Asks: 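Here it is: the structure, laid out below.
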Amino acid sequence: MTMMSLRIEERVAFAIERLLRADDSWRSLVREMVEQWPEEPPLELGFALVSAASAIETSFTEASPARDAAMQGYRLAALVSMDVYAMQLLGMARERASDLLAYWDIDPFFAKL
């Protein structure tokens with residue numbers, strides 16, 4: 001296994017664990033990922049969220065309440081992607097996950113979630 005795939009697996013496992021908690025841990029998930037991996041590309045966090053959501057979706061039946069966690073993961077990934085695109089439109093740095101913090105000063109959705 002390559003170092004990159006180990007990195008991704010670590011992020012996916014982190015996201016799965018948070019998404020499947022019974023509490024509202026998903027609300028701080030993106031902030032926690034940025035704090036934990038500030039040097040990683042922000043879209044890598046989005047990729048990890050989609051991978052986590054897909055893993056949850058394929059592991060549980062449609063009737064399972066865990067499927068809601070998968071949908072939440074997809075939503076968070078979409079919102080991260082939207083933030084990165086908005087940063088591009090604004091000419092903001094977006095090479096590192098920590099760059100999202102500057103955007104969240106403008107659009108505080110994740111900061112307040």
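Every value quoted in this text rests on a predicted model; they were computed, and no experiment measured them. The residues of the chain are indexed from 1 along the displayed sequence.
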Asks: Between Trp104 and Phe110, how do the two ring planes meet: parallel, tilted or perpendicular, split at 30° and 60°?
Replies: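 Taking Phe110 first and then Trp104, their aromatic rings sit tilted (interplane angle of 30° to 60°).
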
Asks: I need the Leu100 CG to Met33 CE distance, nearest 0.5 Å.
Replies: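 Rounded to the nearest 0.5 Å, the CG-CE separation comes out at 11.0 Å.
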
Asks: Verify the cluster assignment for Tyr74 and Tyr85: are they in a single hydrophobic cluster under the rule of side-chain heavy atoms below 4.5 Å apart?
Replies: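 As far as the 4.5 Å side-chain criterion goes, Tyr85 and Tyr74 are not connected within one cluster.
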
Asks: Identify the two heavy atoms, one from Arg96 and one from Pro38, that lie closest to each other, and give their separation to 0.1 Å.
Replies: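 It is CB-O, 3.4 Å.
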
Asks: Pick one: which of Glu32, Arg7, Glu10 meets side-chain contact (heavy atoms from CB on, under 4.5 Å) with Trp37?
Replies: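 Going through Glu32, Arg7, Glu10 one by one, the side-chain contact (heavy atoms from CB on, under 4.5 Å) with Trp37 is satisfied by Glu10 alone.
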
Asks: With hydrophobic residues grouped by side-chain heavy-atom distances under 4.5 Å, do Leu49 and Val84 end up in a single group?
Replies: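 In one cluster: yes.
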
Asks: Look up atom CD in Gln72 and atom CG in Leu20, then write down how far apart they are to the nearest 0.5 Å.
Replies: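 Going from CD on Gln72 over to CG on Leu20, the span is 12.0 Å.
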
Asks: Is it the case that one hydrophobic cluster holds both Met71 and Phe109, taking links as side-chain heavy atoms less than 4.5 Å apart, direct or via other members?
Replies: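 No, separate clusters.
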
Asks: Salt-bridge test for Arg21 and Glu17: reply yes if a basic N is under 4.0 Å from a carboxylate O, no otherwise.
Replies: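 Looking at Glu17 together with Arg21, the answer is yes, because their closest N to O distance falls below 4.0 Å.
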
Asks: So how far is it from Glu44 CD to Ser51 OG, rounded to the nearest 0.5 Å?
Replies: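 Here the rounded value is 10.0 Å.
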
Asks: Which heavy atom in Met92 sits nearest to a heavy atom in Arg94, and how many Å separate them?
Replies: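 Residues Met92 and Arg94, closest heavy atoms: O-NH1, 2.9 Å.
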
Asks: Do Trp26 and Val50 share a hydrophobic cluster, counting only Ile, Leu, Val, Met, Phe, Trp and Tyr and linking them when any side-chain heavy atoms are less than 4.5 Å apart?
Replies: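 Result: no, two separate clusters.
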
